[in-house]
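For reference, the structure discussed in these notes is given below.
When reading the values below, keep in mind they use all heavy atoms of this one structure, side chains included, and skip hydrogens, waters and symmetry mates. Every chain is numbered from 1 and lettered A, B, ... according to where its sequence line falls, protein lines coming before strand lines.
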Protein chains: 2
Amino acid sequence: MVRIKDVAKEAGVAASTVSLVMNKKGYVSEATRQKVEAAMKKLKYVPSEVARNLSLSRTNTIGVIMPSVSHPFFGEVIEALEAALYDQNCKMMLCCTQHKENGERTFVDMLKRRTMDGIIMGAHSLDVSLYADVQQPIVAFDRYLNDRIPIVHCNHKKGGQLAAERFLAHGCRHIVEVIGYQGVQTPANEYHFNAADILHAHGVRVDVVEMPWNAFDYPSFAAAAQQLFQQYPDVDGVLGADLAIAACLHVAAALGRRVPDDLRLLAYDGTAVTRMGLEPITAVRQPIRELAELSVRKVLQMVNGTYEDGPWVIDPFILDGNTC
Amino acid sequence: MVRIKDVAKEAGVAASTVSLVMNKKGYVSEATRQKVEAAMKKLKYVPSEVARNLSLSRTNTIGVIMPSVSHPFFGEVIEALEAALYDQNCKMMLCCTQHKENGERTFVDMLKRRTMDGIIMGAHSLDVSLYADVQQPIVAFDRYLNDRIPIVHCNHKKGGQLAAERFLAHGCRHIVEVIGYQGVQTPANEYHFNAADILHAHGVRVDVVEMPWNAFDYPSFAAAAQQLFQQYPDVDGVLGADLAIAACLHVAAALGRRVPDDLRLLAYDGTAVTRMGLEPITAVRQPIRELAELSVRKVLQMVNGTYEDGPWVIDPFILDGNTC
DNA sequence: GTGAAAGCGCTAACAA
DNA sequence: TTGTTAGCGCTTTCAC
């Protein structure tokens with residue numbers, strides 16, 4: 001392994017000079033720079049990032065905690081975060097919590113050990129106290145952690161409004177909302193509260209099906225959909241996450257329900273799966289890329305100490321389809 | 001920030017003793033251990049992972065390079081890799097190459113800088129020479145890089161055989177294979193070669209639709225499917241990646257083709273999307289979790305210098321459905 | 001412009 | 001059993 005001092009010796013200069021050349025800092029005469037660069041090339045020098053990190057107490061690595069990778073919403077979020085971090089010369093350390101006993105705790109410990117400069121946290125935490133004594137920068141992605149941790153999220157209230165208006169425009173009288181486990185504190189809960197409020201105000205009946213914690217895979221939704229149509233045979237509209245609505249679409253077809261004529265289905269999230277079936281599914285689209293970019297910008301501001309308050313909320317919009 | 005020497009001073013011992021206690025190494029008397037632990041607790045000491053990494057020249061981090069996250073196959077692979085790495089106390093650094101100009105090169109550079117102990121590489125490299133002078137351990141995931149880099153993969157030849165036999169059992173006479181860009185060197189190419197060979201041997205006509213490089217999203221496949229049925233109206237069987245077959249299923253339905261009666265559709269990969277439609281799609285399933293665990297085991301063997309030759313290949317199997 | 005030297009926080013021989 | 005000391009490889013201040 002060739003170190004900076006090896007390059008220095010080869011070039012006949014001091015290590016500090018090599019450092020200056022590498023990092024294009026300070027003043028170095030053209031002549032010595034050439035010498036140093038030649039030496040680096042000759043010895044195939046590659047600097048140690050770890051040593052650099054120790055010296056600068058900075059790793060250019062951001063940790064990302066999400067429940068799952070192979071889920072349409074979180075998958076798109078992770079992809080967008082990775083791209084946004086890459087654009088800022090940062091690496092992404094990924095942790096998924098859905099199938100791990102203590103994954104979140106372990107990961108937060110790692111953060112404390114300063115192996116990452118900051119964290120973007122979007123898992124469905126049950127134990128929010130984990131974050132109480134973390135000193136490093138954290139941005140919460142669509143989650144409430146505690147009141148010192150800022151949170152980037154979609155304007156879900158608006159999302160709920162868009163959904164309600166859509167159902168009302170079609171004259172729906174009985175909506176069922178498929179919602180996530182309510183023990184998790186997330187702004188996303190706003191969308192179904194607000195949709196329900198607006199629908200109620202117009203005399204529409206609203207029922208709710210609550211999923212268990214971390215149950216957001218297709219089979220869970222398929223089972224829920226079965227149950228839903230059995231329990232509420234006269235439902236004429238369903239609102240829920242993409243996969244929940246995809247499941248409803250298929251169960252409804254099997255039951256011979258006509259979509260959209262006597263059943264309106266509206267997906268919340270608007271990921272690629274809503275474009276992947278026989279018919280495109282109408283959806284309220286969360287602007288995932290923008291949310292990811294905002295999260296990255298915020299967490300890096302915190303890391304760099306250039307944090308400035310600003311918008312933490314981004315508006316959703318309707319993605320048209322054939323189901324509502 | 002509290003350092004190891006602060007703890008040492010507080011406990012009235014030397015730094016090295018604190019180190020021994022932390023890492024549960026060597027012999028430390030019960031009394032001093034208690035003192036040290038009390039001091040750590042009192043000062044809320046958290047060791048610096050970076051300093052540790054420099055000292056040990058080891059980061060317990062493995063880099064993972066894949067084309068995409070929000071793709072059913074790669075998403076499941078990444079999820080499985082993350083879980084397998086977690087089980088081995090390793091962190092995962094993730095890089096996606098699909099939408100980046102020079103992502104792969106940048107990432108390999110990072111590996112050279114020893115910020116990761118090794119790499120699991122599954123991207124669709126066009127420039128395999130990148131890997132020529134990397135010293136650190138690399139395992140290729142279903143890709144040929146060069147002859148010094150071992151490669152973990154599914155037994156695709158067997159996969160092709162399973163597929164061919166399935167079509168033959170149903171008496172198909174004209175199969176179309178939707179395949180990936182052939183400029184990428186991957187064992188996965190084996191499956192359609194072998195399927196075609198076996199089908200040819202039984203007098204079955206086989207045509208091929210080749211996708212462009214890195215075009216494996218649903219819209220690309222939907223366009224290809226349109227084209228496919230137009231160009232080969234008498235096709236009675238299609239073999240291709242999950243999303244390709246999902247697209248065929250929907251296009252076929254729109255065209256009024258009856259599946260499976262006059263059109264057999266067989267997906268290759270068998271990810272969750274094949275279970276997510278109106279009907280489950282029959283598939284050749286790659287054992288993703290096993291492949292991920294094997295890749296992790298191998299790369300860590302290399303890192304630890306305990307590398308031993310062994311199985312690099314895992315058999316696929318048929319996942320039943322209603323389309324073939 | 002360039003070099004010497006101290007420091008980033010931890011580990012591991014070796015001595016005591 | 002515990003402490004001393006010398007690294008790990010890079011950055012940066014401050015003389016020269």
Would you kindly check whether a donor in the side chain of A:S16 faces an acceptor in the base of C:dG3, or vice versa, at under 3.5 angstrom?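 Donor-acceptor pair under 3.5 Å: yes.
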Please determine whether any donor N or O and acceptor N or O are separated by less than 3.5 Å between the side chain of B:S55 and the base of D:dG7.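 Indeed, a donor on one side and an acceptor on the other fall under 3.5 Å apart.
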What does [X] touch in the nucleic acid at a heavy-atom separation under 4.0 angstrom: a base, only the sugar-phosphate, or nothing?
{"X": "A:S57", "answer": "nothing"}
{"X": "A:K25", "answer": "sugar-phosphate"}
{"X": "A:V50", "answer": "nothing"}
{"X": "B:L54", "answer": "base"}

Send over the distance from [X] [atom1] to [N] [atom2], rounded to a whole Å.
{"X": "A:M22", "N": "D:dT12", "atom1": "CE", "atom2": "P", "value": "10 Å"}
{"X": "A:D6", "N": "D:dG9", "atom1": "CG", "atom2": "P", "value": "9 Å"}
{"X": "A:K9", "N": "C:dG3", "atom1": "NZ", "atom2": "P", "value": "14 Å"}
{"X": "A:M1", "N": "D:dC8", "atom1": "CE", "atom2": "P", "value": "11 Å"}
{"X": "B:L56", "N": "D:dA6", "atom1": "CG", "atom2": "P", "value": "20 Å"}
{"X": "A:L20", "N": "C:dG3", "atom1": "CG", "atom2": "P", "value": "10 Å"}
{"X": "B:N53", "N": "C:dT11", "atom1": "CG", "atom2": "P", "value": "10 Å"}
{"X": "B:I4", "N": "C:dG7", "atom1": "CD1", "atom2": "P", "value": "18 Å"}

Could you tell me whether the phosphate oxygens of [N], OP1 or OP2, come under 4.0 Å of any side-chain nitrogen or oxygen in [X]?
{"X": "A:R52", "N": "D:dG9", "result": "no"}
{"X": "A:N23", "N": "D:dT11", "result": "yes"}
{"X": "A:R3", "N": "D:dG9", "result": "yes"}
{"X": "A:T17", "N": "C:dT2", "result": "no"}

Is the backbone of [Y] close enough, under 3.5 Å, to the side chain of [X] for a donor and an acceptor to pair up by distance?
{"X": "A:R113", "Y": "B:V50", "result": "no"}
{"X": "A:N146", "Y": "A:I149", "result": "yes"}
{"X": "A:R105", "Y": "A:L130", "result": "no"}

Checking contacts here: which listed nucleotide ([options]) is nearest the side-chain heavy atoms of [X]?
{"X": "B:A14", "options": "D:dT11, D:dT4, D:dT2", "result": "D:dT4"}
{"X": "A:P47", "options": "C:dG3, D:dC10, D:dG3", "result": "D:dC10"}
{"X": "A:T32", "options": "D:dT1, C:dT2, D:dC10", "result": "C:dT2"}
{"X": "B:S48", "options": "D:dG3, C:dG1, C:dC10", "result": "C:dC10"}

Please state whether the rings of A:F141 and A:F73 are parallel, tilted or perpendicular, taking 30° and 60° as the class boundaries.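 A:F141 vs A:F73 ring planes: tilted.
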By nearest nucleotide on DNA chain D, pick out whichever of A:A15 and B:A15 is the more 5' one.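 Of the two residues, B:A15 wins.
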Is there a side-chain contact between B:I119 and B:F107 in this structure, where contact means two heavy atoms from C-beta onward sitting under 4.5 Å apart?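 Yes. Closest side-chain heavy atoms under 4.5 Å.
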B:K9 bridged to B:D6 by N-O distance under 4.0 Å: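 Result for this pair is no, no salt bridge flagged.
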